[in-house]
Novice: 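Below is one structure. I have some questions about it.
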Amino acid sequence: MHAMVLHALRTPLEWTELPDPRPGPGQIRLQVSVCGVCRTDLHVVDGELPDPRIPIIPGHEIVGRIDLVGDGVDGLRVGERVGVPWLGHTDGVCPYCVSGEENLCDHPLFTGFTRDGGYASHVIADARFTFPLGDVGEDSALAPLLCAGLIGWRSLRIAGAAKRIGMYGFGAAAHILAQVAVWQGRQVYAFTRPGDATSKAFACSLGAVWAGGSDDTPPAPLDAAIIFAPVGDLVPAALRAVRKGGRVVCAGIHMSDIPSFPYSILWEERQLVSVANLTRLDGLDFLTLAPSIGIKVKTTPYALKDANQALADLRAGRFEGAAVLTI
Ligand SMILES: [Zn+2]
Ligand SMILES: [Zn+2]
């Protein structure tokens, strides 16, 4: 097999030939077709997440077909199309797993971070943590649903029954979630980098009722806001934008430091919460619903060998929607 491997933090990924992996008990091997590029991959490369495994093959929005099945795997067959998300394994026995909060497991493995991911021709996955994808829809349109869509879905659920919902940072996740929220009958308020007219127009084309800079005040107080951009300065901005009792959800795995802010913008029962990882139930709920929403995923394709360019373009905000590696 071949892969783009992170051999040391804060260095470019390197094209590497590796022995073909074999699935162990309970595992499957996929021939990867497409792997989405997520902002978390940048945090992995930049060494911003605790306890990385190095070397590592990044990538956790994987779509491929099963080409080997290990012992003890039920219900999956060679040739079937499946998706592999960020949550790659849990212990199943810790207090969080037992109480239905496997996203908070004490001993998890994360695809593309603490177990090898999909910037590769092949990947080994724990069969229990894969999602059958059926045969409807293109691989490249499905890949971004596996993290941008899923984490966004969990964030939207945690935002509650908000009618007026703000989204800070209009990248891969928000461009999917805006369509879900509009489909649910909500009003989407999109906050982009100040002066980014292209992203504002993109948000409005997807049904946002208003688009402005992250330093703008929305025309009406929001019921909730989700922060997708990894920018701590957005936390007080979002708290100022939500109404009394409103909720601000931080959806990213990493954020720059949050500046101090006056208690008055949290007062009146505003809530500030974070979202961590996903549960398999989130995935099943979202992937079951997604086809009926008719989500249009905007993708920019790159060859696997151009993964470093895809990451650089993501960092610089050079494309709309989601980047995907075609293998
Ligand atoms: Zn656990
Ligand atoms: Zn991700």
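Every number for a ligand or one of its atoms is a count from 1 in the order of the listing.
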Novice: Out of V32, D20, T16, D116, which one pairs with M1 under the side chain to side chain contact (heavy atoms under 4.5 Å, CB included) rule?
Specialist: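 Going through the options one by one, the only one that passes is D20.
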Novice: Is there a side chain to side chain donor-acceptor pair (under 3.5 Å) between E17 and W15 once you walk through the steps?
Specialist: CA-CA 7 Å; E17 298 290 339; W15 180 276; 3.2 Å; yes
Novice: Below 2.8 Å, can you find an N, O or S atom of C105 next to the Zn ion (ligand 1)?
Specialist: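 It does: C105 brings an N, O or S atom closer than 2.8 Å to the Zn ion (ligand 1).
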Novice: Knowing that exactly one of I66, L133, L30 qualifies, which makes a side chain to side chain contact (heavy atoms under 4.5 Å, CB included) with R81?
Specialist: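 Only match with R81 under side chain to side chain contact (heavy atoms under 4.5 Å, CB included): L133.
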Novice: Taking both backbone and side-chain atoms into account, decide whether E102 has an N/O/S atom under 2.8 Å from the Zn ion (ligand 1).
Specialist: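 Checking the Zn ion (ligand 1) against E102, no N, O or S atom falls under 2.8 Å.
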Novice: Would you mind naming the N, O or S atom of D91 nearest to the Zn ion (ligand 1)?
Specialist: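 Of the nitrogen, oxygen and sulfur atoms in D91, the Zn ion (ligand 1) lies nearest to OD1.
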Novice: Assign the ring pair F129 / H89 to parallel, tilted or perpendicular, where the plane angle (0 to 90°) is split at 30° and 60°.
Specialist: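 Tilted, since the angle between the ring planes falls between 30° and 60°.
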Novice: Angle at the Zn ion (ligand 2) between SG of C38 and SG of C147, to 10°?
Specialist: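 Once rounded, the angle between the two atoms at the Zn ion (ligand 2) is 130°.
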